Protein chains: 2
Amino acid sequence: MKIGPKYLLVKNFLKESIQQGKFKVGDFLPSEHELCSRFSVTRTTTRKALDELIKEGYIEKQQGKGSRVKERRKSLGLLTVKGFSEAVGKNVNTIFLTKPQIGEWKEEIIFPVKKEDKDAQCIFFERLRCVNSLPVMLERNWLPVTILQGFTDRQFVDESFFKTLSQEYLIEITGSKQEIRAEYADDKIAEILSVERNSPVLHISVLFSTNHRKLTIYSELFCNTRDFPVGNQYFM
Amino acid sequence: MKIGPKYLLVKNFLKESIQQGKFKVGDFLPSEHELCSRFSVTRTTTRKALDELIKEGYIEKQQGKGSRVKERRKSLGLLTVKGFSEAVGKNVNTIFLTKPQIGEWKEEIIFPVKKEDKDAQCIFFERLRCVNSLPVMLERNWLPVTILQGFTDRQFVDESFFKTLSQEYLIEITGSKQEIRAEYADDKIAEILSVERNSPVLHISVLFSTNHRKLTIYSELFCNTRDFPVGNQYFM
DNA sequence: TAGTGGTCTAGACCACGGT
DNA sequence: CCGTGGTCTAGACCACTAG
């Protein structure tokens, strides 16, 4: 039984409590001093745990008051289809074209697949995102099965892939790299997105890095941006 | 004379040294212990300083080796043409199609022009970015003349619009909002980007906010992504 | 083995928010 | 005033990297 650093104990306790709703958005966490005595650690350790939760966007601190659970930001500087973020759960729905299953690595998802990943089995799934029942975005994902045992049998939490990773496997996205092109829709993409062949579509390739060395996620998106442009906001 | 926390002393010393090129990309900073004795602080303090530099993207650490100066992310979550960031100053050049001058507001730059901006005079300029002498991106910018007196007569610092704003007017970009579409190139765009008419091109609309309430910048980019995709990196 | 960063202890004093 | 988080000290031991 391997036991990691103590601050992870504190961090994971808090994180799981938040994810399970024991602390809700706006609630204050126990004070640093209380966490110290509850876990028999010093403030350095407690603060390291809280620092990580801040970095991951779970909480915010306020001097003189405490640490409060925050609305989780999920933008990650990522591109999102306009309408998806604004109309969350409204007229948006997601259809699995291919459920998570053991599949094949695609040779090049623009970003070359790492050798260590290629040596592992590949989980593949494919989803179609619709707004008002109109197909808007095709999403394809490839990831190594390595540390995700049982993933193919699992239901997604709230239909969200990232939420599932976070809550079921304690995996957080730590970064991303994207490449974007405007391309002609080929026959298959045109059919899926209900556009004419050779229409211009947005092709986005994404490489996600996570807090697990071994887990890199490869994604590919095709978007019909005629009615729903892809957007991105950033605040300093 | 107000003096802040000690870790800022260490942090700012390192940050300025990096910015002034005293530590170059790839260089190792002095070790934590050395910084401790040089500034007469403990490791907690030194590490706090280094933590902030990591968060700001200046350095990265490696256990057993040291802290190394990193390629600075300047992305702002913004999209940049791949090749522009990698081949900085190499085979990249910028041509003014329209020098900064008083011009007309375009009715809709996808983002509606604020009324207060519309009431002010408009500075417009248009640049073509090339890689290996091939046109890759057309950039159009609109901004109110309000606080930028003399801007039309000014030379850009290092050919950079943002550097000019920062160094000559102390204006920093504080946020951005983007919308991205894949479109057919119309006649004019096709000619400028040297692509066939109706080729798919990337159309990016950007709204920049700055540390001056009165200054919002409206931009529009058209990219030929066949050879040079547009990219975006993000680190937490 | 020497040097680096990673984790941790057991304190201390200060700045801020609310009573 | 008290309780909160913010900063800081002076140590310690561990894990990783490289010669």
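Sequence lines set the chain letters: A, B, ... in the order given, protein chains first and strands last, and positions in each chain run from 1. Keep in mind that this is a model prediction, so the values were computed, not measured.
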Side chain of B/T44 only, heavy atoms from C-beta on: which candidate in D/dC8, C/dG6, C/dT7 is closest? D/dC8
Report the distance from atom NZ of A/K24 to atom CD1 of A/I18, rounding to the nearest 0.5 Å. 12.0 Å
Report the nucleotide, chosen from D/dT7, C/dT7, D/dT4, that has the shortest atom-to-atom distance to any side-chain atom of A/R47. D/dT7
Nearest-nucleotide wise, let me know which of B/H33 and B/V41 is further upstream toward the 5' end of DNA chain D. B/V41
Closest to the side chain of B/K6, out of C/dT9, C/dG5, D/dC8, is D/dC8
Among D/dA10, C/dA12, C/dC8, the one nearest B/T42 by side-chain distance: D/dA10
CG on B/L207 to CD on B/E179, rounded to 0.5 Å: 10.0 Å
In the strands shown, is D/dG19 matched to any nucleotide by a Watson-Crick or G-U wobble pair with both distances under 3.5 Å, and which? none
Going through the checks in order, is the ring pair (Phe, Tyr, Trp, His ring centres under 6.0 Å) test met by A/F161 and A/F208? CA-CA 13 Å; A/F161 174 41; A/F208 293 104; 8.0 Å; no
side-chain N/O B/Y7 vs D/dT7 OP1/OP2, d < 4.0 Å: yes
Can you tabulate the close N/O pairs, meaning under 3.5 Å, that link protein atoms to atoms of nucleotides 15-19 of chain D?
from, atom 1, to, atom 2, distance (Å)
D/dA15, N3, B/Q63, NE2, 3.4
D/dA18, OP1, B/K65, NZ, 3.2

In whole angstroms, the gap separating C1' of D/dT9 from CZ of B/F39 amounts to 18 Å
Spacing of B/K11 atom NZ relative to D/dT7 atom P, expressed in whole Å: 11 Å
For the pair made of CG in A/L29 and P in D/dG5, what is the distance, rounded to whole Å? 9 Å
Approximate separation, where rounding is to 0.5 Å, of A/E183 CD and B/L202 CG: 10.5 Å
Roughly how far apart are A/K70 NZ and A/Y58 OH, rounded to 0.5 Å? 11.5 Å
Does D/dT4 have its OP1 or OP2 closer than 4.0 Å to a side-chain nitrogen or oxygen of A/S67? no
Validate the cation-pi geometry between A/K11 and A/Y7: distance from NZ or CZ to the six-membered ring centre under 6.0 Å, angle to the ring axis within 45°. no
Is A/T45 close enough to C/dT7 that one of its side-chain N or O atoms is under 4.0 Å from OP1 or OP2 there? no
May I ask you to say what A/T46 touches in the nucleic acid, namely base, sugar-phosphate or nothing, with a heavy-atom cut-off under 4.0 Å? nothing
What is the distance from CD1 of A/I54 to C1' of D/dG5, rounded to the nearest Å? 10 Å
Looking at A/K61, I'd like to know whether one of its side-chain N or O atoms comes within less than 4.0 Å of OP1 or OP2 on D/dT4. no
Could you tell me the separation between the CG atom of B/D51 and the P atom of D/dG6, rounded to a whole number of Å? 14 Å
From C/dG6, D/dC8, D/dG5, pick the nucleotide closest to the side chain of A/S31? D/dG5
Rounded to the nearest angstrom, tell me the gap between atom CD1 in A/I59 and atom P in D/dT4. 15 Å
Got a sec, which residues hit side chain to side chain donor-acceptor pair (under 3.5 Å) with A/T210, two or more places apart in sequence or on another chain? none
Side chain to side chain contact (heavy atoms under 4.5 Å, CB included) between B/V136 and B/R129, intermediate numbers included: CA-CA 6 Å; B/V136 169; B/R129 310 290 194 113; 5.5 Å; no
Which whole-number value in Å describes the distance from B/K48 NZ to D/dT9 C1'? 16 Å
Figure out the CG/P separation between B/L50 and D/dC8, and round it to whole Å. 14 Å
